[in-house]
Amino acid sequence: LFRSAWLRKFPDIIGAQFVLEPLLGRLDVDTEAAAKAIEWALAWLRKFPDIIGAQFVLAPLLGRKDLHAEAAVKAIGWTLAWLPKFPDTIEAGFVLPPLLGRKDLDALAAAKAIEYALTWLREHQQTTHAEFVFKQLFRRPDVSPSNVLDLKRSAVERLRSRVRNTEDDEASFLLRWCLQSRVNDPVLDTDLFELALTWLEMNGQRKGSDYVFNRILRRPDVTPEQRIRASKVALSWLRRATARVSGLDYTINSLLARPGSLRGEELEFVIQKAQLWLNDNPSHPEADRVRRHILFSQRSPSEPH
């Protein structure tokens, strides 16, 4: 109430940005108050579109789900006019995530937003707020293949300083996205596989590690040595996994699809795990695939290593 009362008196002074920011960020204001706050924000942006402090208004305004179509067009327009003026500043990193998160960007606006974000990441890929820019870019289906490759390069660079930090929760997210990307580059992927294996060998029992080693095991372009390293982590995970753990069948299939990466006793162990899983899940959608992999692995002798 205090902020609204203050804005009624001083809606168009430069300092109003600091009052608009928390007001726009609130989700518990009623419809009328929210509409008024949006109106004040757009009026303020018309007067101060070219100052770096506009980020305090743009970011929470873009993040609102209740922007009507006309207000959204204006907010997006002001943002796309602001970003070219401050493309390499850390402040742009606060505006880019809510902009990229909007589902009402037309094709041209989306292309510009993606390009600004990729440019920003080249400069700020190791900063704390880069995590939010990465996540929004990862979620956009309209990132072109060439831009996906740029994004993947930035993600791999960000990973270099993170894979050895056992307390970093972001690394597994970046690894999973990079490993499942359909846009690949042999040199870049060689680095990616090594980073992923380094992370796995330090975090093999961590939640989400199965998503990483399974993607390595299923990639046709990893080396035999890399597949063996991933298999060791997968086997360790499988030994500790309970019968009802999610993803057990996926790991079994990943290991049995290329049994040559397993020693004889390791292969026997995985087949035993597969049969136990089938006993508990005979009608599971993946049951036939597991059965096929058991038969395939029994016909394909493992190789010593």
Side-chain angles (χ1 to χ4, degrees), residues 159 162-182 184 189-305:
L159 277 165
R162 289 176 143 69
V163 293
R164 289 179 174 82
N165 183 351
T166 56
E167 297 181 359
D168 192 323
D169 293 326
E170 188 190 353
S172 64
F173 176 82
L174 291 169
L175 285 168
R176 287 162 63 180
W177 184 87
C178 288
L179 288 166
Q180 73 181 3
S181 170
R182 296 180 182 275
N184 300 315
D189 286 337
T190 296
D191 285 350
L192 172 61
F193 297 151
E194 285 302 314
L195 289 168
L197 287 164
T198 298
W199 183 86
L200 280 172
E201 287 163 353
M202 299 181 71
N203 297 272
Q205 298 306 313
R206 192 168 183 165
K207 183 179 179 181
S209 64
D210 55 318
Y211 291 100
V212 177
F213 62 64
N214 276 312
R215 288 196 169 106
I216 293 177
L217 289 171
R218 290 172 182 239
R219 286 287 296 258
D221 48 347
V222 298
T223 66
E225 186 268 340
Q226 288 170 333
R227 186 170 289 112
I228 288 169
R229 288 169 66 190
S231 295
K232 289 185 183 303
V233 179
L235 285 164
S236 179
W237 181 91
L238 198 58
R239 289 189 179 97
R240 291 174 170 81
T242 61
R244 298 188 180 280
V245 70
S246 175
L248 193 65
D249 59 304
Y250 200 82
T251 296
I252 288 168
N253 280 327
S254 297
L255 288 165
L256 293 182
R258 290 180 175 84
S261 300
L262 304 172
R263 295 188 179 94
E265 67 273 15
E266 293 171 340
L267 180 57
E268 289 176 13
F269 164 73
V270 180
I271 290 173
Q272 183 183 43
K273 274 282 193 179
Q275 290 168 335
L276 290 171
W277 182 86
L278 283 171
N279 291 341
D280 292 336
N281 303 275
S283 302
H284 191 280
E286 289 296 307
D288 284 342
R289 191 189 303 270
V290 174
R291 292 187 187 99
R292 289 196 300 273
H293 277 137
I294 291 174
L295 291 173
F296 170 72
S297 65
Q298 289 172 331
R299 293 195 300 267
S300 304
S302 59
E303 299 174 2
H305 52 269

**Message:** As an exercise, state the distance from SG of C178 to CG of D191, rounded to the nearest 0.5 Å.
**Reply:**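 C178 atom SG to D191 atom CG measures 11.5 Å (nearest 0.5 Å).
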
So [Y] and [X], do their side chains get closer than 4.5 Å, heavy atoms only?
X    : Y    : value
E225 : I228 : no
V222 : D189 : no
L262 : L235 : yes
I294 : V290 : yes
E286 : I252 : no
R239 : F269 : yes
L248 : L238 : yes

Where do [X] and [Y] come nearest, in terms of heavy atoms and distance?
X    : Y    : result
F296 : P259 : CE2-CD, 3.5 Å
S209 : G204 : OG-O, 2.7 Å
A287 : L278 : O-CD2, 3.6 Å
L217 : S231 : CD2-OG, 3.4 Å
S254 : R218 : OG-NE, 2.6 Å

**Request:** Give the C-alpha distance, both sets of side-chain angles, the deciding distance and a yes or no for salt bridge (Lys or Arg N to Asp or Glu O under 4.0 Å) between R229 and E194.
**Result:** CA-CA 10 Å; R229 288 169 66 190; E194 285 302 314; 3.1 Å; yes

**Prompt:** Is R206 salt-bridged to D169, going by a charged N under 4.0 Å from an acidic O?
**Reply:**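 Looking at D169 together with R206, the answer is yes, because their closest N to O distance falls below 4.0 Å.
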
**Message:** Tell me which one of R291, R292, H284 satisfies side-chain hydrogen bond (donor to acceptor under 3.5 Å, both in side chains) with D288.
**Reply:**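 That would be R291; it is the only one of R291, R292, H284 passing the side-chain hydrogen bond (donor to acceptor under 3.5 Å, both in side chains) with D288.
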
**Asked** Quick check: does any side chain N or O of R289 sit under 3.5 Å from a backbone N or O of Y250, one acting as donor and the other as acceptor?
**Response**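 Flag not set: sc R289 to bb Y250 has no pair under 3.5 Å.
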
**Request:** Could you walk me through whether D249 and N281 pass side-chain contact (heavy atoms from CB on, under 4.5 Å), step by step?
**Result:** CA-CA 10 Å; D249 59 304; N281 303 275; over 6 Å; no

**Request:** Begin from the C-alpha positions of W199 and D168 and carry the test side-chain contact (heavy atoms from CB on, under 4.5 Å) through to its verdict.
**Result:** CA-CA 10 Å; W199 183 86; D168 192 323; over 6 Å; no

**Prompt:** Is there a donor-acceptor contact under 3.5 Å linking the side chains of R240 and S236?
**Reply:**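 Distance-only check passes for R240 and S236.
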
**Residues R215, Y211; criterion side-chain contact (heavy atoms from CB on, under 4.5 Å); working and verdict** = CA-CA 6 Å; R215 288 196 169 106; Y211 291 100; 3.9 Å; yes

**Request:** Evaluate the criterion side-chain hydrogen bond (donor to acceptor under 3.5 Å, both in side chains) for residue pair S172 and R176; output intermediate values, then yes/no.
**Result:** CA-CA 6 Å; S172 64; R176 287 162 63 180; 5.2 Å; no

**Message:** Using the rule given for side-chain hydrogen bond (donor to acceptor under 3.5 Å, both in side chains), can you reason through D210 versus T251, listing the C-alpha separation, both sets of side-chain angles and the distance that settles it, and then say yes or no?
**Reply:** CA-CA 7 Å; D210 55 318; T251 296; 5.0 Å; no

**Request:** Before giving the answer on side-chain contact (heavy atoms from CB on, under 4.5 Å), spell out for E266 and L255 the whole-Å C-alpha distance, their side-chain angles and the decisive distance to 0.1 Å.
**Result:** CA-CA 10 Å; E266 293 171 340; L255 288 165; over 6 Å; no

